[in-house]
Amino acid sequence: MVFVEARNLPSHVGIIMDGNGRWAQLRGQERVEGHREGSKAVRRIVRAARRLGLRALTLYAFSEQNWARPEDEVDTLMVLLRDFLLSERDEILDHGIRLNAVGNLGRLPGLVRGVLDPLRNDSASHHEMTLTLALSYGGREEIAAVARELATECANGRMRPEDVTAESLRGRMPSLAVGDPDLVIRTGGERRISNFLLYGLAYAELHFTDALWPDFAEADLYEAIESYQRRERRFGLVGKGAVPVSPEAPTPPAPPSEATRLRLVG
Ligand code: IPE
Ligand code: IPE
Ligand code: MG
């Protein structure tokens, strides 16, 4: 049984959807079959996230480095992306989801832009949940793009170098328009970040699972959120569990949580 507290949900969840290729290879199939199955998992998890009430979900669907994969794999991924956007269009619009995309979108083929751009546009005023697809995305590339922007403004006198701060950088990162990620999940067994949301990751909670992305089920999402809810986020401060220095001034115990518990059967 998995318990998810309704009041302590991570606001922004990021997912590194990894393991499609291995899922197919384990079955003696071509890697692209794993991507096909992976797109079904995307539908499932977007729906679960919406029902749970997450404010923002960012899915790492294609990295800037993934362009260097074999051409037929890249082509299939682009077709699957277009098909996903076409088939989910009504569901996205009917449920008040805002669809956004971050990354070097100019590199995406016309067949993707032709469905992505109208859907971004048509859902721009929605605010039930923001679904961001990281496409042709790289965390380092995003930081470099913002640095370039700030350097240009400083060079033409519209900004002073001393105004280049951690916060001003953060404010210009497209991937952080929905806030820093609270929880980042990586499927597929690898314990690495692979250039995802680097700047925003500063205080994100990380959850790694061996489940390959096509096998990632609603229950796995709930489990990741439950794990997040058991953690104490300290942001560099002193935690509630810290022993007080002076015995005369004990730290008051934390009030019992009155949060409603949603029972989500896994
Ligand atoms: C993730 O699965 C999908 C993309 C990166 C586009 P992979 O294709 O990386 O699958 P593995 O890691 O090789 O199994
Ligand atoms: C990360 O997975 C990128 C996406 C999930 C889109 P990769 O499979 O590309 O990352 P590495 O190669 O294992 O680091
Ligand atoms: Mg991979």
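Along the sequence shown, residues carry numbers from 1. All values below come from the heavy atoms of this structure, side chains included, with hydrogens, waters and symmetry mates left out. Just follow the structure's listing: the first ligand is 1, and inside any ligand the first atom is 1.
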Undergrad: Using a 3.5 Å cut-off on N or O atoms only, is S63 in polar contact with ligand 2?
TA: no
Undergrad: Could you check atom 10 (O) of ligand 1 against the protein and tell me its nearest heavy-atom contact, residue, atom and distance included?
TA: G21 N, 2.9 Å
Undergrad: Quick one: look at Q65 and ligand 1, take heavy-atom pairs under 4.0 Å, and tell me if it's side chain, backbone, both or neither.
TA: neither
Undergrad: Test your reading of the structure: does R186 have an N or O sitting under 3.5 Å from an N or O of ligand 2?
TA: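 Checking ligand 2 against R186, an N or O pair does fall under 3.5 Å apart.
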Undergrad: At under 4.0 Å between heavy atoms, which part of N195 makes contact with ligand 2: side chain, backbone, both or neither?
TA: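 Within the 4.0 Å criterion, N195 makes no contact with ligand 2.
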Undergrad: Any idea which atoms of ligand 1 are less than 4.0 Å away from a heavy-atom of R22?
TA: 11 (P), 12 (O), 14 (O)
Undergrad: May I ask you to list the atoms of ligand 1 that are less than 4.0 angstrom from any heavy atom of H35?
TA: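 Every atom of ligand 1 under 4.0 Å from some heavy atom of H35: 3 (C), 8 (O).
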Undergrad: Consider ligand 1: state whether an atom of it lies below 4.0 angstrom from any non-hydrogen atom of G19.
TA: yes
Undergrad: Below a 4.0 angstrom heavy-atom separation, can you tell me which part of E64, side chain or backbone, both or neither, approaches ligand 2?
TA: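 It is neither part, as no heavy atom is under 4.0 Å.
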Undergrad: Quick one: do the N104 and E64 side chains pair a donor with an acceptor below 3.5 Å?
TA: yes
Undergrad: Quiz question: by atom type and distance under 3.5 Å, do the side chains of S87 and R43 form a donor-acceptor pair?
TA: yes
Undergrad: Of all heavy-atom pairs between N66 and V74, which one has the smallest distance, and what is that distance?
TA: O-CG2, 3.6 Å
Undergrad: Please name the pair of heavy atoms, one in R98 and one in A124, separated by the smallest distance, quoted to 0.1 Å.
TA: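 Minimum heavy-atom separation between R98 and A124: CD-O, 3.2 Å.
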Undergrad: Need the ligand 2 atom indices (1-based, order shown) with element for anything under 4.0 Å from a heavy-atom of F62.
TA: 6 (C)
Undergrad: Report the atom name of the nearest N/O/S atom of D18 relative to the Mg ion (ligand 3).
TA: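 Minimum-distance N/O/S atom of D18 relative to the Mg ion (ligand 3) is OD1.
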Undergrad: Record the part of F196 in heavy-atom contact with ligand 2 below 4.0 Å; permitted values are side chain, backbone, both and neither.
TA: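 No part of F196 comes within reach of ligand 2.
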Undergrad: Within the 4.0 Å heavy-atom shell around R69, which atoms of ligand 2 are there?
TA: 7 (P), 8 (O), 9 (O)
Undergrad: Would A61 count as a contact of ligand 1 if the rule is a heavy atom under 4.0 Å away?
TA: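 Checking ligand 1 against A61, which is what was asked, there is a heavy-atom contact under 4.0 Å.
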Undergrad: Does a donor on one side chain sit under 3.5 Å from an acceptor on the other, for R148 and T152?
TA: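 No donor-acceptor contact under 3.5 Å links the two side chains.
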Undergrad: Check ligand 2 against R192 and write out every atom of the ligand that is under 4.0 Å from a heavy-atom position of the residue.
TA: 11 (P), 13 (O), 14 (O)
Undergrad: Would Q25 count as a contact of ligand 1 if the rule is a heavy atom under 4.0 Å away?
TA: no
Undergrad: So, for R186 and R192, which heavy atoms are closest and what is the spacing to 0.1 Å?
TA: NH1-O, 2.8 Å
Undergrad: Is R27 close enough and on-axis enough to W23, meaning under 6.0 Å and within 45°, for cation-pi?
TA: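 Yes, a cation-pi geometry.
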Undergrad: Indicate yes or no: does R31 engage E73 in a salt bridge with an N to O separation below 4.0 Å.
TA: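 Yes.
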Undergrad: Taking atom types as modelled, is there a side-chain donor on H35 or T76 under 3.5 Å from an acceptor on the other?
TA: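 T76 and H35 do not have a side-chain donor-acceptor pair below 3.5 Å.
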Undergrad: Which residue holds the protein heavy atom closest to atom 3 (C) of ligand 2, what is that atom called, and what is the gap in Å?
TA: Y60 CE2, 3.7 Å
Undergrad: For the residue pair F196 and Y60, does the interplanar ring angle fall in the parallel (under 30°), tilted (30 to 60°) or perpendicular (over 60°) class?
TA: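 Plane angle under 30°, so parallel.
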Undergrad: What part of N66 sits under 4.0 Å from ligand 1 if we count only heavy atoms: the side chain, the backbone, both or neither?
TA: side chain
Undergrad: Does R31 come within less than 4.0 angstrom of ligand 1, counting non-hydrogen atoms of the residue?
TA: yes
Undergrad: Give the atom numbers and elements of ligand 2 that come within less than 4.0 Å of a heavy atom of D18.
TA: 2 (O), 8 (O)
Undergrad: Is a salt bridge present between D163 and R158, judged by a nitrogen-to-oxygen distance below 4.0 Å?
TA: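 Salt bridge flag = no for R158 with D163.
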Undergrad: Under a plain distance cut-off of 3.5 Å, with no hydrogens placed, do E142 and Y137 share a side-chain donor-acceptor pair?
TA: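 A donor-acceptor contact under 3.5 Å links the two side chains.
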Undergrad: Which of the atoms of ligand 2 are close to M17, meaning less than 4.0 Å from one of its heavy atoms?
TA: 5 (C)
Undergrad: What's the shortest distance from atom 14 (O) of ligand 2 to any protein heavy atom, and which residue and atom give it?
TA: S194 OG, 2.6 Å
Undergrad: Regarding E141 and Q65, do their side chains bring together a donor and an acceptor under 3.5 Å, going by distance alone?
TA: yes
